[in-house]
Novice: 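Before anything else, here's the structure in question.
Predicted, not measured: the structure shown is a model, and the values here were computed from it. Every chain is numbered from 1 and lettered A, B, ... according to where its sequence line falls, protein lines coming before strand lines.
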Protein chains: 2
Amino acid sequence: MNIGEVSERSGLPAKTIRYYEDIGLVRPLRSDNGYRSFREADLHKLAFLGRARTLGFSIEACRTLLGLYEDGSRESAQVKTVAEAHLAEIDVKIAQLRDMRDTLSHLVDACRGDDRPDCPILRDLSGGRD
Amino acid sequence: MNIGEVSERSGLPAKTIRYYEDIGLVRPLRSDNGYRSFREADLHKLAFLGRARTLGFSIEACRTLLGLYEDGSRESAQVKTVAEAHLAEIDVKIAQLRDMRDTLSHLVDACRGDDRPDCPILRDLSGGRD
DNA sequence: ATTGAGCTTCCAGTAACTGGAGGCCTTATC
DNA sequence: GATAAGGCCTCCAGTTACTGGAAGCTCAAT
């Protein structure tokens with residue numbers, strides 16, 4: 001398979017696939033003409049990576065997961081540990097965003113949004129010194 | 001004021017303050033010895049930026065907000081528009097993270113996390129082909 | 001005179017790609 | 001056989017918002 005077909009079947013841009021090869025996540029063969037030549041297993045890996053990325057796993061976490069995926073003697077506890085760590089990160093991010101959201105939505109609600117300069121949003125940002 | 005004092009009073013690292021000067025968000029004076037010399041107004045701007053950043057505004061949004069802050073003839077509608085756009089982005093991010101969280105927490109719950117290789121998380125990532 | 005802290009600039013690196021330039025390879029058409 | 005289109009190649013630069021570090025000047029105190 002050439003990169004175009006793999007791109008289509010995995011849903012990943014060709015650029016991204018080349019990048020993943022650069023950083024050692026996949027190692028496709030090469031044809032005589034220099035083109036990358038992907039096996040089914042490479043495609044599966046890339047699809048795996050795409051899915052893991054949509055779940056928000058970092059590239060390094062993906063590398064770990066891929067290693068476990070390919071290691072028949074893994075313990076599921078290892079996988080679970082990685083996933084739980086990521087879940088905890090997601091929770092932190094959500095909490096941070098919610099804090100921002102709460103503060104910001106109060107400010108937005110308080111702002112009349114008309115043609116006058118008076119603005120609670122700017123007042124808040126300026127530390128009330130205004 | 002030298003950068004150290006401004007850093008302490010604004011809560012921003014000196015590195016960040018220099019960076020903000022680089023990209024034109026503040027323009028401190030210079031002393032004869034080459035040191036940056038900050039006025040109170042510069043400190044206020046930096047504190048403003050720090051606060052806006054904690055609310056998640058991008059640097060470019062901060063630049064816009066700072067411009068409005070300094071423009072006595074602004075209309076609060078302009079500020080509100082920027083804030084609402086940012087609020088919408090936050091909502092999108094929260095929704096994405098929640099989706100990830102939901103999927104991932106189901107998978108984590110389904111994984112026994114013991115010494116056996118069988119793992120629903122990997123099964124999901126591999127597209128069920130496992 | 002010599003520390004040590006504080007300041008300066010400049011370069012490189014982070015995360016995970018993405019865009020673009022310049023240039024082969026392949027296939028089809030005239 | 002020439003040519004054009006499209007796919008592929010590599011390499012370089014840019015993105016966001018900083019952060020770390022090196023080499024070196026300045027200042028205050030000893």
Side-chain angles (χ1 to χ4, degrees), chain A residues 1-38 42-43 45-46 48-66 85-86 89-90 92-93 96-97 100, chain B residues 1-38 42-43 45-46 48-66 85-86 89-90 92-93 96-97 100:
Chain A
M1 261 179 288
N2 282 350
I3 200 168
E5 183 179 347
V6 178
S7 169
E8 195 168 340
R9 290 178 59 187
S10 68
L12 295 172
K15 277 269 186 191
T16 299
I17 296 171
R18 291 195 193 97
Y19 172 69
Y20 286 173
E21 181 186 11
D22 265 7
I23 62 174
L25 288 178
V26 275
R27 303 190 187 285
L29 304 174
R30 292 286 176 148
S31 304
D32 289 344
N33 60 13
Y35 286 15
R36 289 171 182 78
S37 177
F38 296 84
D42 295 320
L43 174 59
K45 274 200 200 185
L46 287 166
F48 181 101
L49 289 168
R51 175 92 175 122
R53 292 289 297 132
T54 69
L55 288 181
F57 284 101
S58 71
I59 288 288
E60 285 318 305
C62 287
R63 197 189 296 279
T64 302
L65 290 172
L66 203 50
H86 178 45
E89 284 171 15
I90 289 177
V92 168
K93 278 188 200 155
Q96 287 170 345
L97 285 171
M100 286 180 190
Chain B
M1 259 180 290
N2 282 350
I3 200 167
E5 184 180 346
V6 178
S7 169
E8 196 168 339
R9 290 177 60 187
S10 68
L12 295 172
K15 277 271 188 191
T16 299
I17 297 170
R18 290 195 193 99
Y19 172 68
Y20 286 173
E21 181 186 11
D22 265 7
I23 62 174
L25 288 177
V26 275
R27 303 189 188 285
L29 304 174
R30 292 287 174 148
S31 304
D32 290 345
N33 60 13
Y35 286 15
R36 288 172 183 78
S37 176
F38 297 83
D42 295 320
L43 174 58
K45 273 200 202 185
L46 287 166
F48 181 102
L49 289 168
R51 175 91 175 122
R53 292 289 298 132
T54 69
L55 287 181
F57 284 101
S58 71
I59 288 287
E60 285 316 306
C62 287
R63 196 189 296 278
T64 302
L65 290 172
L66 203 51
H86 179 44
E89 284 171 15
I90 289 177
V92 168
K93 278 188 201 156
Q96 288 170 343
L97 286 171
M100 287 181 190

Novice: Just the rounded figure in Å: distance from P of C:dA16 to CD1 of A:I59.
Specialist: 5 Å
Novice: Measuring from A:I3:CD1 to A:L12:CG, what's the distance to the nearest 0.5 Å?
Specialist: 10.0 Å
Novice: Taking the nucleotide of DNA chain D with the closest heavy atom to each, which residue, B:D32 or A:G34, is nearer the 5' end?
Specialist: A:G34
Novice: Let me know the distance between CZ of B:R30 and P of C:dG6, rounded to the nearest Å.
Specialist: 19 Å
Novice: Taking B:R63 for its side chain and B:I23 for its backbone only, find out whether a donor-acceptor pair lies under 3.5 Å.
Specialist: yes
Novice: Which residues within residues 11-20 of chain A lie with some heavy atom under 4.0 Å of an atom in DNA chain D?
Specialist: A:K15, A:R18
Novice: For A:R63 and C:dA15, what is the distance between atoms CZ and P respectively, to the nearest whole Å?
Specialist: 11 Å
Novice: What is the distance from NZ of B:K93 to P of D:dT16, rounded to the nearest Å?
Specialist: 12 Å
Novice: If every non-hydrogen atom of A:A14 is compared with every non-hydrogen atom of A:S7, which pair is closest and at what distance?
Specialist: N-OG, 3.6 Å
Novice: Report for the helix from C:dA1-D:dT30 to C:dC30-D:dG1: angle between first-end and last-end helix axes, five pairs each, rounded to 10 degrees.
Specialist: 40°
Novice: Are A:R36 and D:dC8 close enough that a side-chain N or O sits under 4.0 Å from OP1 or OP2?
Specialist: no
Novice: Can you check whether B:L25 reaches B:I59 side chain to side chain, under 4.5 Å on heavy atoms?
Specialist: yes
Novice: To the nearest 0.5 Å, what is the distance between CG (B:L29) and CG (B:D42)?
Specialist: 7.0 Å
Novice: Nearest 0.5 Å, what's the OG-CZ distance between A:S31 and A:F38?
Specialist: 10.0 Å
Novice: What integer distance in Å separates A:E21:CD from C:dA16:P?
Specialist: 18 Å
Novice: Test your reading of the model: is there a side-chain donor-acceptor pair from B:N2 to the backbone of B:G4, 3.5 Å cut-off?
Specialist: no
Novice: Looking at every non-hydrogen atom in both residues, tell me the closest pair between A:M100 and B:L55 and how far apart they are.
Specialist: SD-O, 3.5 Å
Novice: Between B:V26 and B:Y20, is any pair of side-chain heavy atoms under 4.5 Å apart?
Specialist: yes
Novice: Calculate the interatomic distance between A:E8 atom CD and D:dG7 atom P; express it in whole Å.
Specialist: 10 Å
Novice: Roughly how far apart are B:T64 OG1 and B:E60 CD, rounded to 0.5 Å?
Specialist: 7.0 Å
Novice: So, applying salt bridge (charged side-chain N to carboxylate O under 4.0 Å, His left out) with A:E21, which one of A:R27, A:R30, A:K15 is it?
Specialist: A:R30
Novice: In whole angstrom, what separates B:I23's CD1 from D:dG14's P?
Specialist: 17 Å
Novice: How many Å lie between CD on B:E5 and C1' on D:dC27, as a whole number?
Specialist: 16 Å
Novice: Identify each atom pair where a protein N or O and an N or O of nucleotides 22-26 of chain C are less than 3.5 Å apart, giving names and distance.
Specialist:
residue: C:dT26; atom: OP1; partner: A:N33; partner atom: ND2; Å: 3.3

